[in-house]
Amino acid sequence: MKRVCMLLPLLLLFAGGNAQQKANYKLAEKFQAVSFGGLLGKYSMSIFPRQINNTDKFWFEFVTEEGRNFYFVDPVKGEKRLLFNNSDIAQGVSQITRKAYNEKDLRISGMKFSKDLTKMTFSMDGKYEFDFETKKVRAIEEKKDAEEEGDIYSWMNFSPDRKYILYAKNHNLYMRGNKYKGMDTTEIQLTTDGEKYYSFARDAEDDKGGEAETDARWFKDSRHIYLVREDTRKLKDMFVVNSLTKRPMLEKYRYEMPGEKDLCQYELWIIDVEKKTANRVPADKWTDQYIQVLYPGEKGDKLFFQRFKRTWDEVDICVVNTETLDVKELIHEVDKPFRDYHMQNTVILNDGKDILFRSERTGWGHYYHYDGEGRLKNVITSGAWVAGHMAAIDTVGRAIYFYGYGREKDIDPYYYMLYKANIDKEGVTLLTTENAQHSISFLTSRRYFIDTYSRVDTEPKFVLKNNQGKMIMELAKPDTRRLKELGWCAPERFTVKAADGLTDLYGIMWKPADFDPNKKYPIISSVYPGPFFEYVNTSFHLNDGYNTRLAQLGFIVIAVGHRGGSPLRGKFYHRYGYGHLRDYPLADDKYVIEQLADRCSYIDITKVGIFGHSGGGFMSTAAICTYPDFYTAAVSSAGNHDNNIFNRGWSEIYHGVRESLKTVKGRDGQDSTIYMYACKVPTNMELAEHLKGHLLLVSGDIDKTVHPASTLRMADALIKAGKNFEMLILPGNGHGFRGKAEKYFERRLWYHFAKYLLGDETVIEDEY
């Protein structure tokens with residue numbers, strides 16, 4: 001008894017020194033304004049130039065708390081000024097309509113300028129003309145060209161010369177003349193074999209029988225038409241149930257799953273409207289190949305396309321003669337273990353005389369110059385860095401402008417840097433020297449570009465530069481006054497090592513606005529594993545997927561890239577996850593948190609959370625089940641826990657599909673060889689028995705991207721393993737949560753981590 005009495009004061013002292021921390025909901029709610037949907041989201045964080053009369057002169061609109069203003073820019077003169085005084089427009093229109101208009105939020109559209117730039121026409125409650133010299137507004141009647149008279153419908157696909165209208169009906173292609181061009185309007189049927197799921201219509205299921213849109217496209221000669229036709233007749237159906245309709249309704253759609261035998265078959269078709277012929281191009285090479293059009297010839301005589309093998313490790317660049325339908329293979333590329341579809345790029349220039357082909361044949365993505373016969377002429381870029389997507393091409397100057405990553409020393413390898421290269425020789429010139437993330441918008445002449453650059457901790461700069469990279473002027477400054485008054489703290493960039501102890505990983509850390517370095521904070525990892533892109537911001541963002549608001553509750557929140565997550569780091573980094581799609585990012589995420597906890601005394605590594613959506617939902621559940629003694633709580637939304645019922649392309653590209661040959665006996669008794677494919681991805685259900693922490697599973701009930709069955713199968717596995725978990729189904733929601741459902745989900749996200757990482761079970765009722 002005496003011993004118990006001695007321990008009691010110590011227990012009380014211990015309890016008093018570790019009082020439960022309360023989640024700061026008030027601070028999190030305050031930061032609702034720091035998003036695109038809040039007040040601050042109304043201010044401009046980008047510039048979109050609108051060129052004037054095919055010159056380098058342009059105008060742009062920009063919004064700050066002072067209002068919406070319109071600016072005129074002349075790059076040649078280095079001039080920037082207000083395009084007009086808002087009061088002149090508002091008062092001028094008001095005198096005509098007798099209505100009042102907000103001069104600080106002037107909404108006008110359709111601005112067109114006279115050749116001498118002395119007048120401007122625009123739409124605002126009608127059509128008007130503004131005289132820049134007299135400052136007068138007058139109403140005008142909108143004139144219509146003869147060919148624009150009459151009703152224009154979305155299904156009308158006009159030929160380049162506007163003489164013909166192409167459309168689909170009853171799953172076939174039809175055309176008729178445009179009467180406003182003096183053409184015969186008699187309907188002509190171009191194809192006859194169209195049917196449901198093997199259609200020339202965009203909607204392959206539509207059986208209404210009326211005119212419909214088609215994905216068929218005209219050549220510039222207004223004679224030839226091309227189409228990649230999809231045959232989905234053998235595809236199997238998937239289903240979801242919409243519970244919010246008057247009578248719960250079954251929604252059916254066709255869906256390819258990994259390893260399946262019956263897939264969509266892609267066919268390339270050429271239609272000649274003069275000869276009234278429609279022919280399938282003999283482009284078959286591989287079983288279940290994928291076809292994509294690259295470029296229709298200027299004269300209508302040829303069409304460039306690429307085809308991918310189902311295993312995604314081989315690709316051909318081809319050209320077909322539209323008259324003879326002869327197919328010529330120009331470039332054949334083998335890329336192990338797979339060709340990166342998202343970063344692949346082939347550009348056809350000068351009507352096929354020049355082909356720019358992006359390849360990772362050296363382990364780094366670079367551009368190669370081929371001639372029209374598929375012969376390699378020269379390497380354009382090279383080295384231990386990545387050449388990415390094009391920003392602009394100057395065919396006259398024989399130059400390309402593109403984003404590059406990882407070439408410059410001491411600059412984050414994820415930053416988009418603009419480079420210029422000559423098509424006909426190797427070598428590049430850096431045009432954006434600022435250590436930041438760059439977003440480029442070129443003017444049509446390619447002589448100038450708008451460079452918007454920023455970092456997660458540095459607000460955007462909007463500058464005009466010439467094509468040598470020289471800055472001409474600053475165009476505008478973003479309005480962040482209110483942001484700073486709210487106490488918003490920019491996230492902090494950090495670098496750590498991957499679990500191999502060698503590879504650098506880059507991440508962001510969010511802290512509460514009332515951060516106290518002497519306190520201990522639970523840490524939450526906001527995850528998305530890629531593998532085609534890492535959702536780790538590199539530029540200034542107000543809307544960051546819940547992370548800023550979540551941190552205000554009293555957490556350290558991080559987002560970090562993992563090996564295998566991004567193609568911007570080169571082929572070795574990107575292909576790390578191939579063959580183990582479930583597990584590849586997990587060890588890195590755990591090791592990142594351990595390093596940060598050792599580095600930052602304010603991180604409480606005994607209280608670790610993780611959350612993510614879609615692939616992030618898949619990863620967060622895998623993490624808490626793989627490392628049950630490390631992660632305390634997880635929120636998994638729309639997670640593809642079973643990739644064997646997920647999108648075929650995703651699983652077969654990034655995990656791998658096995659190809660094999662099988663001999664079968666036909667009806668005639670003869671043996672033939674067919675290709676067989678198999679794909680088996682490890683699932684989160686296989687890990688369910690290891691769960692120790694607190695898992696919240698979330699799904700929309702009509703998610704056609706990641707079927708709710710993935711979440712329900714995970715729930716079933718947890719039930720069978722006797723595990724406690726929570727689950728939330730959002731009625732009427734698909735893969736992306738919307739409206740009140742999204743706000744409700746975010747609250748549940750807050751409550752889950754507050755309860756299990758802070759010990760705060762307070763629930764605040766809210767009306768959305």
Side-chain angles (χ1 to χ4, degrees), residues 157 160 166 173 190-191 198-200 202 204 214-232 256 263-273 277-335 338-360 367-376 389-390 393 395 649 653:
N157 187 339
L166 179 71
L173 275 183
L190 297 172
T191 67
Y198 186 50
S199 179
F200 287 92
R202 178 171 296 175
T214 175
D215 286 325
R217 292 293 176 262
W218 293 90
F219 283 78
K220 289 184 179 181
D221 67 352
S222 294
R223 170 183 169 180
H224 294 92
I225 297 165
Y226 65 90
L227 171 73
V228 175
R229 187 180 180 188
E230 299 180 5
D231 184 354
T232 61
E256 293 181 333
L263 304 178
C264 175
Q265 301 299 311
Y266 296 90
E267 301 174 356
L268 182 60
W269 283 70
I270 301 290
I271 296 93
D272 187 323
V273 300
T277 58
N279 294 297
R280 179 185 173 186
V281 176
D284 294 342
K285 180 178 181 179
W286 298 299
T287 303
D288 300 332
Q289 67 182 15
Y290 176 71
I291 292 178
Q292 182 182 38
V293 170
L294 295 172
Y295 174 81
E298 294 286 332
K299 301 175 183 178
D301 58 338
K302 55 193 171 186
L303 179 74
F304 292 85
F305 68 95
Q306 62 181 347
R307 58 191 175 198
F308 288 90
K309 193 176 181 181
R310 180 172 177 176
T311 49
W312 290 94
D313 55 359
E314 292 187 54
V315 63
D316 286 340
I317 307 301
C318 304
V319 63
V320 56
N321 184 301
T322 58
E323 294 298 318
T324 66
L325 300 184
D326 291 334
V327 174
K328 182 177 182 179
E329 182 180 303
L330 301 175
I331 302 172
H332 175 73
E333 179 90 347
V334 176
D335 198 345
F338 66 88
R339 179 166 169 79
D340 180 12
Y341 180 76
H342 289 89
M343 290 290 286
Q344 58 93 20
N345 193 20
T346 302
V347 181
I348 310 298
L349 299 176
N350 299 314
D351 204 29
K353 294 178 182 178
D354 297 295
I355 302 174
L356 309 185
F357 183 73
R358 187 181 184 277
S359 168
E360 292 183 284
Y367 284 100
Y368 300 83
H369 178 202
Y370 288 79
D371 67 15
E373 298 299 316
R375 295 183 291 255
L376 179 64
H389 286 121
M390 300 280 186
I393 301 174
T395 54
I653 292 174

Checking Tyr341 against Gln292: is there a side-chain donor and acceptor pair closer than 3.5 Å?
yes
Under a 3.5 Å distance rule, please check whether His224 uses its side chain to pair with a backbone N or O of Gly300 as donor and acceptor.
yes
Just by distance, do the side chain of Arg375 and the backbone of Gly372 share a donor-acceptor pair under 3.5 Å?
no
Measure across [X] and [Y] and return the closest heavy-atom pair with its distance rounded to 0.1 Å.
X	Y	result
Glu323	Asn321	N-OD1, 2.8 Å
Leu166	Ala216	CD2-CB, 3.9 Å
Asn345	Met390	ND2-CG, 3.6 Å
Val315	Phe308	CG2-CE2, 3.7 Å
Pro160	Phe219	CG-O, 3.4 Å

Does the gap between the ring centers of Tyr266 and Tyr290 come in under 6.0 Å?
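Ring centres of Tyr290 and Tyr266 closer than 6.0 Å.
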Could you state the interatomic distance from [atom1] ([X]) to [atom2] ([Y]), rounded to the nearest 0.5 Å?
X	Y	atom1	atom2	value
Lys220	Asp351	NZ	CG	8.5 Å
Arg280	Thr191	CZ	OG1	14.5 Å
Ile348	Ile317	CD1	CD1	7.0 Å
Leu330	Glu373	CG	CD	7.0 Å

Report yes if some heavy atom in the side chain of [X] is under 4.5 Å from a heavy atom in the side chain of [Y]; otherwise report no.
X	Y	result
Leu303	Leu268	yes
Glu230	Asp215	no
Ile270	Asn279	no
Lys285	His332	yes
Ile331	Tyr370	yes
Arg339	Glu314	no
Pro282	Leu325	yes
Trp312	Asp340	no

In this structure, which one of Asp288, Asp284, Thr232, Asp231 forms a side chain to side chain donor-acceptor pair (under 3.5 Å) with Gln265?
Asp288
Arg223 bridged to Asp272 by N-O distance under 4.0 Å
yes
Would you call Glu298 and Lys353 a salt bridge, using N to O less than 4.0 angstrom?
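Salt bridge between Glu298 and Lys353, a charged N being under 4.0 Å from a carboxylate O: no.
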Can Gln306 and Asp316 be said to form a side chain to side chain donor-acceptor pair (under 3.5 Å), step by step?
CA-CA 5 Å; Gln306 62 181 347; Asp316 286 340; over 6 Å; no
Only one of Asp354, Ile355, Leu356, Leu294 forms a side chain to side chain contact (heavy atoms under 4.5 Å, CB included) with Val347, so which one is it?
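In the set Asp354, Ile355, Leu356, Leu294, the residue that makes a side chain to side chain contact (heavy atoms under 4.5 Å, CB included) with Val347 is Leu356.
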Can you say whether the rings of Phe304 and Tyr295 are parallel (under 30°), tilted (30 to 60°) or perpendicular (over 60°)?
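Plane angle between 30° and 60°, so tilted.
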Residue that, paired with Trp269, satisfies ring-ring contact (aromatic ring centres under 6.0 Å, His included) out of Phe200, Tyr226, Tyr198
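Output: one option passes, namely Phe200.
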